[in-house]
Amino acid sequence: MQSIKEENIFLNQDLTTQDEVFEFLAEQAVNIGIATDEKAVYQKFNEREKESTTGMMDGFAIPHAKDESIKEAGVIIVYPNNGIEWNSMDDRLTKYVIALFVPDTEAGTTRLTILSTLARLLMKAEVTEQLKKATSASEIAEVLNTNIAEF
């Protein structure tokens, strides 16, 4: 699995709704070269969320988009300034967003591998505690990359 890149981690973002988070993620995906069509990526996040919530437990959400405009699999992480309503499994506000971007051509294998690895990591209390305490992009990248390597 590819490593989490520091430049794809955005802390202290002034985002207040799930919609704003999806817009931000789509915009950043295009800015950093993961995708070519901001509107298509934004739409895929919304379509996926309508199927079932990507809000997990303990303040984490793992939204994901699969589209032909996504050129390479990638992960973008956003920590909003305030908790966001996300229809999470435990009804808590979301404070940590780990978004997955998957090209259409890799739909089955890549997305499921990344998604299952991240979901398993977020079930480990020591990982979620480290992610909550992290105060920099480098700390977050290190926590995830170290733990991903162990899978």
Side-chain angles (χ1 to χ4, degrees), residues 1-124 127-128 131-132 134 136-137 139-141 143-145 147-148 151:
M1 181 169 150
Q2 77 161 67
S3 63
I4 308 296
K5 299 175 183 168
E6 275 184 56
E7 59 268 24
N8 295 1
I9 300 173
F10 301 88
L11 305 179
N12 307 314
Q13 295 301 308
D14 193 21
L15 304 166
T16 57
T17 66
Q18 189 180 57
D19 200 56
E20 286 179 8
V21 171
F22 290 163
E23 287 174 0
F24 179 83
L25 290 168
E27 180 183 340
Q28 295 310 319
V30 170
N31 288 346
I32 59 183
I34 291 174
T36 58
D37 186 338
E38 196 175 311
K39 284 187 174 74
V41 172
Y42 168 78
Q43 186 176 337
K44 292 295 182 178
F45 276 123
N46 278 305
E47 286 173 11
R48 171 58 190 86
E49 204 64 34
K50 285 177 186 153
E51 291 174 23
S52 65
T53 185
T54 57
M56 308 304 280
M57 307 284 279
D58 213 20
F60 287 87
I62 311 177
H64 38 288
K66 174 185 69 152
D67 189 67
E68 62 189 27
S69 73
I70 296 171
K71 298 305 173 199
E72 64 179 72
V75 176
I76 295 178
I77 297 170
V78 180
Y79 280 24
N81 281 329
N82 300 297
I84 293 176
E85 179 55 51
W86 206 284
N87 191 26
S88 62
M89 294 177 184
D90 60 1
D91 291 326
R92 294 174 64 184
L93 295 177
T94 291
K95 298 177 182 173
Y96 317 98
V97 179
I98 302 173
L100 312 181
F101 298 82
V102 182
D104 257 353
T105 55
E106 299 178 29
T109 54
T110 303
R111 183 178 72 117
L112 295 175
T113 302
I114 296 171
L115 192 59
S116 64
T117 300
L118 286 171
R120 286 196 313 268
L121 285 181
L122 295 181
M123 284 189 243
K124 296 172 77 173
V127 173
T128 57
L131 289 172
K132 290 176 182 181
S136 69
E139 277 183 82
I140 294 167
V143 167
L144 287 172
N145 289 327
N147 284 283
I148 287 168
F151 269 86

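Note that this is a predicted model, so its numbers are computed, not measured.
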- Query: Does any non-hydrogen side-chain atom of Leu144 lie less than 4.5 Å from one of Val75?
  - Reply: no
- Item | Thr117 vs Ile148 side-chain heavy atoms within contact, under 4.5 Å | yes
- Task: Give, for atom CE of Met57 and atom CE of Met123, the distance between the pair rounded to the nearest 0.5 Å.
- Result: 10.5 Å
- Which heavy atom in Ile98 sits nearest to a heavy atom in Pro63, and how many Å separate them? O-CD, 3.6 Å
- Query: Taking all non-hydrogen atoms of both residues, which atom of Thr128 and which atom of Leu122 are closest, and how far apart?
  - Reply: CG2-O, 3.2 Å
- Glu6 and Ala137 have their tightest heavy-atom pair at O-CB, 3.7 Å
- Query: Are any of the side-chain heavy atoms of His64 and Val102 separated by less than 4.5 Å?
  - Reply: no
- Message: Quick check for you: to the nearest 0.5 Å, what is the distance between Leu131 atom CG and Ile140 atom CD1?
- Response: 7.0 Å
- Message: If only side-chain N and O atoms count, and only distance matters, is there a donor-acceptor pair under 3.5 Å linking Tyr96 with Asp58?
- Response: no
- Item | Atom pair CG (Leu100) and NZ (Lys66), whose distance is rounded to the nearest 0.5 Å | 13.0 Å
- Message: Taking CD in Glu27 as the centre, count heavy atoms belonging to other residues, nucleotides or ligands within less than 6.0 Å. Is the count above 12?
- Response: yes
- Message: Within the structure provided, determine whether Leu25 and Val78 are in side-chain contact (heavy-atom separation under 4.5 Å).
- Response: yes
- Message: What verdict does the side-chain contact (heavy atoms from CB on, under 4.5 Å) test give for Ile32 and Ile76, after you've listed the backbone C-alpha separation in whole Å, the side-chain angles of each residue and the deciding distance to 0.1 Å?
- Response: CA-CA 10 Å; Ile32 59 183; Ile76 295 178; 3.7 Å; yes
- Item | Thr53 side chain to Asn87 backbone, donor-acceptor under 3.5 Å | yes
- Heavy-atom closest contact (Gly74 atom, Ile34 atom, distance): CA-CD1, 4.1 Å
- Tightest non-hydrogen contact, residues Ala65 and Phe45, listed as N-CE2, 3.8 Å
- Task: Please tell me if the side chains of Leu121 and Phe60 come closer than 4.5 Å, counting only heavy atoms from C-beta onward.
- Result: no
- Can any side-chain N or O of Asp67 pair as donor or acceptor with the backbone N or O of Val41 at less than 3.5 Å? no
- Message: How close do Val30 and Thr36 get, counting heavy atoms only, and between which atoms?
- Response: CG2-C, 4.0 Å
- Message: Could you tell me if the side chain of Asn81 sits less than 4.5 Å from the side chain of Asn12, heavy atoms only?
- Response: yes
- Task: Enter the distance from Asn46:CG to Glu51:CD here, rounded to the nearest 0.5 Å.
- Result: 11.5 Å
- Message: Rounded to the nearest 0.5 Å, what separates atom CZ in Arg92 from atom CD in Glu85?
- Response: 13.0 Å
- Message: Please check if the number of heavy atoms outside Lys124 that lie under 6.0 Å from its NZ is greater than 12.
- Response: yes
- Task: Could you check if a side-chain atom of Trp86 sits within less than 4.5 angstrom of a side-chain atom of Glu49, using non-hydrogen atoms only?
- Result: yes
- Query: Is the Phe10 ring parallel, tilted or perpendicular to the Phe24 ring (thresholds 30°, 60°)?
  - Reply: perpendicular
- Query: With a 4.5 Å limit on heavy-atom distance, are the side chains of Asp104 and Ile70 in contact?
  - Reply: no
- Task: Measure the spacing between CD of Glu72 and OG1 of Thr105 and express it to the nearest 0.5 Å.
- Result: 11.5 Å
- Task: Please step through side-chain contact (heavy atoms from CB on, under 4.5 Å) for the pair Ile4 and Ile9, ending with a clear verdict.
- Result: CA-CA 8 Å; Ile4 308 296; Ile9 300 173; 4.0 Å; yes
- Expected output: side-chain Glu20 to main-chain Gln18 donor-acceptor under 3.5 Å: no
- Would you please say whether a donor-acceptor pair under 3.5 Å links the side chains of Thr17 and Asp19? no
